[in-house]
Amino acid sequence: MPDHSTHDRQTGPMTLKQLSIASECAPFVKTGGLADVVGALARVMGDFDVECRVLLPLYRQIAHLAKEAREVMNLGAAFGGPVRVLAKKASGVSLLLVDAPHLYDRPGQIYLNEAGLDWKDNHLRFGLLSWLGAEIGRAGIDGWRPDVLHAHDWQAGLTPVYARASGAATPPCILTIHNIAFQGNFPATMMGTLNLDPAQFTQSGFEYYGQISFLKGGLMAADQITTVSPTYARELLTPEFGMGLEGVLNARNVDLSGILNGIDTQVWDPSNDPAIAQTYSSRTLAKKNKNKQALLRRFGLGADRTGPLFSVISRLSGQKGLDLALEALPLVLDKGASFVLLGSGETALEYGFRELAQRYPDRVGVEIGFDEDLAHLIQAGADATLVPSRFEPCGLTQLCAMRYGTLPVVSRTGGLADTVIDANAAALVADCATGFQFGPVSAENLKEALFRAMELYEDKKAWQKTQRNAMKHPVGWNRSAQRMADAYKSLQEN
Ligand SMILES: Nc1ncnc2c1ncn2[C@@H]1O[C@H](COP(=O)(O)OP(=O)(O)O[C@H]2O[C@H](CO)[C@@H](O)[C@H](O)[C@H]2O)[C@@H](O)[C@H]1O
C-alpha cells in the first residue's frame, strides 16, 4: 500500500475533530465499498481542516493491529464482556479499536459465521460499536473530544439514537447511507440487552414494523443524513429504491443530501501501481496492452486477442445485476470478446459464472474470491468493465476503471448515472464520452450496450479518445471531501 503520510498535517486551532464510526475501514478490513470510503475519508480530510479518527471493531482478522497500540479506555464489562478501546495509527489512519473479544475475536467473516449466516449476536456487536461512538462523543477519549460524529450504515445506526438518549451535550451526528438494502432489523426483545430506551420504541424512534431497526433509528435521530450520490439521494425517496424507508426519508428530506464518493487516487494510480504488470498514463496508453496480455495469461486464456476484454469485479449479489450479464455475455463472446470475473457471493451466481467459464474455456476466466491485487491487474488489463446494477448508491468500480482507461458499461442508476458519460453519437462528437450507459436495467439493454462497446472498440481512435476522457474524469475525493467538511462545519455552527 502506498504511504499516505503526505496527508498528515499539523492540526491548527480551527481544525474540526471528527469521529467516524464504521464496521469496515480499508486497508485493514473490507467486504465492500464502505471500507474504501471510510478509509479514504480518514486519510484525505486532514487536507480540509478536519482531524479524523475511526472507531472500528478489533476483529480477529486485524488482531495484529493491537500490537503496540495504546489502551485509551477501559470500560470493564459492557455488552456482555470486557471492553477496551485501543489507539493506533496505521497506514495514515488514526484508529480507535474496540477490543471486545467476546464479540469480535472469532473466525469467519466479519458479519457472517463460517456457515455463511449472520452472527446471531450482530445486534450486540454493532450495538456496542454504535454506543461507544456516542459515549466518546459525550465524554471524549484520550484527551480528545470530537466536534462531529459521522456514523456509517446500519452498523453505526444507533450512534445518533444513543447520543440523543444520553441527554448530555453530545456532538451533532451525520449518518451516511452507503446501501439502504442493509438495515439492521432485530426482534424487539433485544431492546434490554442493547440498553435502548423503550420510550423510543415508536414510529418516530427506532421501531420499524414491530422490530428494532438500527438504520431507521439512526435516520430519525441523526442531525443530517447523507448518501453517496445525488441521484441515489433522489431515488431513495421512491418506493422502488427506498426499500421501505422512503417514508422516513421523505419526512427527513430537508436534511438529506447526496455527496458523491471518490476513490483514493494514490491507491488507484496506473502510473504508480505495484500490483500491475506495466505502469502507464493517458500519454502512454499503448503500454496498457501489456497488462491485458498479463491478465489473459493469469486466467490461462492465451494472449494476443483481437476482441475486447470485458471484466467484472464485484460482490456477487442481486443488487449488481450480474444475472443479466450471464444472459448477455454469450452473445458478445460468440462475436470475439473475452471476459474475466473476480468476485464472490451468492451461490447461484458463482455457479453461473463457473459454468460460463466451462462453456468458453478459452474466452472466459473466473476467480471466485476476494483479491485486492488481482482487482488492480483486472482494472489495468481489461478494456471495459461491467456494472449492470439494479441499484447502485455510488459504485467505486466504475471510478477505478475510468482512472485506468477501462471503459465502464453501466446501468443508468444511482451513482453510475452521475459518473459515467454515455458514448452516444452526440457525446462522441463533443468528445466528452467516458463509457456506456443503458437503461432500464434488462439483459436486452445490457446486450445492446455491450454491442455498442464492441463497435466502438473497432474504431481505435474513437476508443482511445474515450479512454483518455475517462482517465481525465475527476474521480478523487477533492470536491466531495470539501462538501463533507462544509457539512461538518455547518452542523457545528448550528
Ligand atoms: N472479489 C473482490 N476482490 C477485490 N476487490 C473487490 C471484490 N469485490 C469487490 N471489490 C472491490 O470492492 C469495492 C466495492 O465497492 P462498490 O462501491 O462498487 O460496491 P459495494 O456494493 O460493496 O458498496 C456500497 O457502498 C459503496 C460505498 O459508499 C457504494 O459506492 C456502493 O454503491 C454501495 O453498494 C470496489 O472497489 C471493488 O473493486
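Both ligands and their constituent atoms are indexed starting at 1 by order of listing.
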Using a 4.0 Å heavy-atom threshold (strictly under), name the region of Ile263 that reaches ligand 1: side chain, backbone, both or neither.
neither
Non-hydrogen atoms of Gly369 versus ligand 1: any pair closer than 4.0 Å?
yes
Out of Tyr162, Phe214, Trp154, which one pairs with Phe126 under the ring-ring contact (aromatic ring centres under 6.0 Å, His included) rule?
Trp154
heavy-atom search around atom 36 (O) of ligand 1 in the protein gives Asp36 OD2, 3.5 Å
For atom 2 (C) of ligand 1, which protein heavy atom lies nearest, and how many Å away is it?
Phe370 CD1, 3.3 Å
Look at atom 19 (O) of ligand 1 and find which of Lys320, Lys30, His376, Arg315 reaches it with the closest heavy atom.
Lys320
Residue selection (non-hydrogen contact nearest atom 24 (C) of ligand 1) among His178, Gln379, Gln319
His178
Charged N to carboxylate O below 4.0 Å: is that the case for [X] and [Y]?
X      : Y      : answer
Asp418 : Arg412 : no
Arg390 : Asp323 : yes
Glu346 : Arg315 : no
Asp255 : Arg252 : yes

Decide if atom [atom1] of [X] counts as having more than 12 heavy atoms of other residues, nucleotides or ligands within a radius under 6.0 Å.
X      : atom1 : value
Arg479 : CZ    : no
Glu448 : CD    : yes
Lys88  : NZ    : yes

Ligand 1 and [X], any nitrogen or oxygen pair closer than 3.5 angstrom?
X      : answer
Asp371 : yes
Gly32  : no
Ser344 : no
Gly395 : yes
Glu372 : no
Cys400 : no
Leu396 : yes

